[in-house]
Structure formats: structure tokens, C-alpha cells
Amino acid sequence: MKPVCIALLMILIATLPSSAQVTVTITNTTAIAFTDKVVEIPWEAVKGKWSEIDTNNLIILNTATKKEISFQLEYHGNTNARNILVQVTVPAGKSVSFQLKTGNRKVFLPQTYCRYVPERKDDFAWENDKIAFRMYGRALEGTSEDAYGMDVWTKRTTRLIINERYKRGEYHVDHGDGMDYYHVGYSLGAGNIAPYIGDSIWYSKNYHDYKILDNGPLRSTFQLIYDGWNASGIQMTATKTISLDAGSQLNRVEASYQYADTTSLPLAIGIVKRSQHGELLLNEKNGVMAYWEPQHGEDGVTGVATITASASKMLVNDQHLLSIAQTHNNIPLVYYTGAAWNKAGVIINAGQWFEYVNDYAKQLQQPLKIEVK
């Protein structure tokens, strides 16, 4: 072959896309296994290694098994991607790696979902493969059904079932996949947040607007927007940004309050307490507050928990377990809240629930390490 032809061939080969453009290694430096954890791979780090990446034919393979895995481009309400989300299991002290390549992508079933529910008095509902939740909207205000807190919908299926339940209109009945038996009422329910001034909770009205920022398959994120109300003489508004990942029992909540005062604002994150005996865990040092409710007849038992790294104190009164934290005008406070159901067959007692939440808190303190090359 002539030298010119060889040179042209080498140029052509050099310009062809590599079959494995980027390798991502995820390392667990802790003594706790990370199981089905959704991990954020920074989009800019990937772009820095693969400037011509085309998301239309992007696939991600587990390097060890060569199997394709589901992923999500996280936009967080913007036009440009922020992260690539993948779900991983990494044993203690081990690493896993993935290859980002071009190829024909498989269709993976979504594992998270959220939506506004106008047909049920402005509910906003969301779920993953483990558990489901809802918050109440404007149309419920002033009715006998009104409630302030976060509601839990138990599940014992990995399917997404919110739409089925609303369509049936029988979500208080267990059709084999779970039900809604959690009572919220005029409380913070399963981990809602509100100003806490003068040893009193100053509830807002229900949310009046919403924005969906991402909606699956591995993470659903949305904002709930609360109109102005008076909290002990302070006029304020609020925005709550809530994310739920596949495989997780807990939501990430980012609560931001807007008010004119420059002083700090005390906030209460609460779990409603039942009249019968339940099991409690309050760990101020690690910010963990957990509750294993008393048995609710044939419906089973719900465990509820919050994690608040910035909690200043915790207390129990006649109605709530409360975790108290401080914030300032328009400075978000981040915490985690969620639930588990014993009849799902995974977390079946208080000990397992408390262990799950404690491990979750430790994972937040020592997250997985991401290397892109």
C-alpha cells in the first residue's frame, strides 16, 4: 500500500469514535455496603473526556458483567444536563466500574414517577419501586379532608402504582400491592417541615403551585410552592424541592423560606406520633430521628424517619417527634425523610428500620467516590 493511502487510513481510523469513550469508577471507602444507590456522575466531567458525546445513542455497560444498565440525564429543570445518574451496588471497601459507549440503547422501565393530581383535589403524588408519598394542594383547604403533613402510601410491589390507585379510587383498600392507611390530619405527618417559633408549629396552607424538574427513570424531582402566611408575626413564603431516587426509602428535601427579617428562623421537621406505644430512636449527634409505629390492625406497621445533619435538638411531645434546625432568609435547609412498611417484606421490624436509617446517615457523611477517565 502506498504511503499516502496508509496515511489517509490512519487519519480515518483516528477520527472514528472509540467503542469505549469514558470509564467511570465508583469506590466505596466505608465499612457499609451501598445497595441500589443512585449516583451522580457530573456531566461536565464526562464532557471533558468525551466532547462529542451523543446522548441519543449513549449506552452504559457494567465493566465486569458487560450488561447494559439504566441511566438518566438529570436536568433539574434546566436545558443543559447536570448529571448522569446510574444505580449501583458497591460492597464495603470495593469498587465498580462502567463504560460509556455508543450503541443501540435498551428500553428500561422507569422506577420513579411524580405528578400533579387535579382529579383528586390538587394532590401531588410521587413514588419509586419501594414506597409512595403525597402532599395536599389548594383544593383540599377548608374541607373535612384537609391535612398539613406528608402522607405515606405503602407498597409491596416494585411496579409504579399511583395512577392505578387514583383510577380505581380505592387507595384505602389493599388490592395486593399496598394501600394508604397512614393518618396525617393536622400534623407534619411523615416528615414535613414548618417554622417553629415560641414552642409552636406555624403551619402554612397547602402548596399552591408546583414544578416538575426531572421525572425518572431513576430520580424524580419537583418543587412545591407555598404562598405567603404569617408565622408569629413574620410574613413568609416557602419552596420545597423534593427528590426521590430508585431503591431508596427516603426523600431528599430542600426547604427554602423567604422573609424580610434578617434573624435566623427555627424550623421543625416532624413525625406524627400515635397514641399507642411505638419504638423511638433520637440521635441528635447524627441527626437521625426514627419511629416504628404501633401495629395498625391488619394493615401492618409503618416506619418513618428523618435525617437532619444540621439539627440542633430533638424532642418528643404529645403529637410529634420533632427535629429542630435553624435557617436564614432564602438559605435552603436540606434533610431526608421517608418511610417503610413491614408488609413489603424487606424491613419488618424496628431494629432493621433503625439500622437502615443509621446506615443511610453514614453514607451521606461518606459518599461514594467518583472517578471519570
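Index from 1, following the sequence.
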Side-chain ([X]) to main-chain ([Y]) donor-acceptor, under 3.5 angstrom:
{"X": "E40", "Y": "L85", "value": "no"}
{"X": "N78", "Y": "A81", "value": "no"}
{"X": "N128", "Y": "D245", "value": "yes"}
{"X": "T63", "Y": "S97", "value": "yes"}
{"X": "Q72", "Y": "L218", "value": "yes"}
{"X": "N342", "Y": "V301", "value": "yes"}
{"X": "T237", "Y": "Y257", "value": "no"}
{"X": "N28", "Y": "I32", "value": "yes"}
{"X": "D214", "Y": "H76", "value": "yes"}

Contacts of type side-chain hydrogen bond (donor to acceptor under 3.5 Å, both in side chains), residue S95, not counting sequence neighbours: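 Residues passing side-chain hydrogen bond (donor to acceptor under 3.5 Å, both in side chains) with S95: T27.
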Contacts of type ring pair (Phe, Tyr, Trp, His ring centres under 6.0 Å), residue Y203, not counting sequence neighbours: Y148
Proximity of W202 and Y226 rings by center, below 6.0 Å: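 No - the distance between ring centres of W202 and Y226 does not fall below the 6.0 Å cut-off.
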Parallel, tilted or perpendicular: ring planes of Y210 versus Y207, cut at 30 and 60 degrees: perpendicular
Parallel, tilted or perpendicular, as decided by the 30° and 60° cut-offs, for the rings of W341 and Y181: tilted
Candidates W126, Y171, F133 - the one meeting ring-ring contact (aromatic ring centres under 6.0 Å, His included) with W153: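 Per the ring-ring contact (aromatic ring centres under 6.0 Å, His included) rule, the option paired with W153 is Y171, out of W126, Y171, F133.
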Test: R274 cationic atom under 6.0 Å from Y182 six-membered ring centre, within 45° of axis: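 Relative to the ring axis of Y182, which defines the angle, R274 lies inside both limits.
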Cation over ring face, K94 and F34, 6.0 Å, 45°: no
Candidate pair R134 and D180, rule salt bridge (charged side-chain N to carboxylate O under 4.0 Å, His left out), full reasoning: CA-CA 10 Å; R134 69 171 167 172; D180 171 26; 3.1 Å; yes
